[in-house]
Amino acid sequence: MPGSLGDMNVDDPLAVADEIASLARPLLVVFDCDGVLAPIVEHPDDSQLLDGTSELLADLATPHDVSVAILSGRSVAGLDQFDFDPAIDVVGSYGNERRGDDGAALTPGERELLARLVVLAEEGAAAAGDGAHVEHK
C-alpha cells in the first residue's frame, strides 16, 4: 500500500528511500537522532552521526516539496554537535525547543528554580561517581 511501510524491510535504506520517493507531496520526514541517525553510546557528547548521514539528510531536504526535521529529547544545544544543515528543522526537548527560536522566556522564579535544580542534579551526578552525568533537556 503506497504511503505505508507495509511489508517493506525498514533495515534496507534503499527500500526506505524508494518508499519515501513514492509518497505524495508536500512531505514531512521526521527523524529521531540517538539510536536512529547516530548509534547509542555511553555518553551523549561522544555520539556521532553514521557516515554519510549528514549529506543524505541535506540532499533529502533540498527539494522544495520535502521538509526534513530532527525531533529529539536532547536540547537544541545538545543537537548542535551534529551540525545539521540549515535546511533541516531541529526540534529539541521533546518539541519544547526549535533551532533559531528562543522559545518562551522563563519568569524570574522559574529561572531561580531551574538554577537550583541544575545544582542539585550536578551534585547528584558528582556523588554517583565515574560515568554519571547530567544531560540538560
Side-chain angles (χ1 to χ4, degrees):
M1 160 185 202
S4 73
L5 296 179
D7 293 326
M8 179 186 62
N9 178 0
V10 295
D11 293 324
D12 178 357
L14 294 177
V16 174
D18 287 343
E19 183 65 25
I20 291 171
S22 74
L23 296 173
R25 302 294 195 261
L27 181 64
L28 170 64
V29 183
V30 182
F31 298 92
D32 190 2
C33 191
D34 295 300
V36 176
L37 302 176
I40 301 290
V41 294
E42 189 170 323
H43 195 286
D45 292 345
D46 297 331
S47 185
Q48 295 181 358
L49 295 177
L50 295 170
D51 288 341
T53 299
S54 185
E55 295 81 9
L56 290 171
L57 289 171
D59 288 348
L60 183 60
T62 299
H64 297 289
D65 56 353
V66 177
S67 296
V68 176
I70 306 301
L71 176 61
S72 177
R74 285 179 180 239
S75 67
V76 168
L79 291 165
D80 283 346
Q81 78 188 59
F82 299 107
D83 196 30
F84 289 110
D85 188 271
I88 296 171
D89 289 318
V90 178
V91 181
S93 299
Y94 303 105
N96 200 36
E97 300 179 287
R98 188 172 184 170
R99 180 169 62 181
D101 182 5
D102 291 336
L106 297 177
T107 66
E110 290 169 332
R111 280 194 303 276
E112 181 182 330
L113 178 59
L114 178 59
R116 289 186 0 229
L117 290 171
V118 167
V119 168
L120 289 171
E122 295 288 351
E123 288 174 352
D130 288 344
H133 65 276
V134 175
E135 185 177 349
H136 298 271
K137 295 184 176 192

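For the single chain, residues carry numbers from 1 onward in sequence order.
One finds the CG atom of Leu49 at 11.5 Å from the CZ atom of Phe31 (value rounded to the nearest 0.5 Å). The CG atom of Asp59 sits 8.0 Å away from the CD atom of Glu55 when rounded to the nearest 0.5 Å. From Asp80, atom CG reaches atom CZ of Arg74 across 10.5 Å, with rounding to the nearest 0.5 Å. Here Leu106 contributes atom CG and Glu112 contributes atom CD; the two are 12.0 Å apart, rounded to the nearest 0.5 Å.
Between His133 and Pro44 there is a side-chain heavy-atom pair separated by less than 4.5 Å. A heavy-atom distance below 4.5 Å is not found between the side chains of Val76 and Arg98. For the pair Leu23/Val29, no side-chain contact is recorded, criterion being any heavy-atom separation below 4.5 Å from C-beta on. Looking at heavy atoms from C-beta onward, Asp85 lies out of side-chain contact with Leu57 at the 4.5 angstrom threshold.
By the rule that hydrophobic residues join a cluster once side-chain heavy atoms approach within less than 4.5 Å of another member, Leu56 and Val66 end up as members of separate clusters.
Members clustered with Val91: Leu28, Val30, Leu71, by chain and number, using a 4.5 Å side-chain heavy-atom cutoff among hydrophobic residues.
The two residues Ile40 and Gly35 have their closest heavy-atom pair at CD1-N, 3.5 Å. Nearest heavy atom pair, residue Gly92 against residue Leu79, reads CA-CD1, 4.2 Å. Residues Ala69 and Ile88 come closest through the heavy atom pair CA-CG2, 4.3 Å. Annotation for Asp32 and Ser72: closest pair OD1-CA, 3.9 Å, computed over non-hydrogen atoms. A pairwise comparison of heavy atoms in Ile70 and Cys33 identifies CG2-CB, 4.3 Å as the closest pair. Listed here is the closest heavy atom pair of Pro39 and Gln48: CD-O, 3.4 Å.
For Asp45, the CG atom counts as densely surrounded, since its 6.0 Å shell holds more than 12 non-hydrogen atoms of other residues, nucleotides or ligands. Taking a 6.0 Å sphere around CG of Asp83, one finds it holds 12 or fewer heavy atoms contributed by other residues, nucleotides or ligands.
Within the structure, ring pair (Phe, Tyr, Trp, His ring centres under 6.0 Å) pairs that include any residue of residues 84-130 comprise Phe82-Phe84 (at least two apart or interchain).
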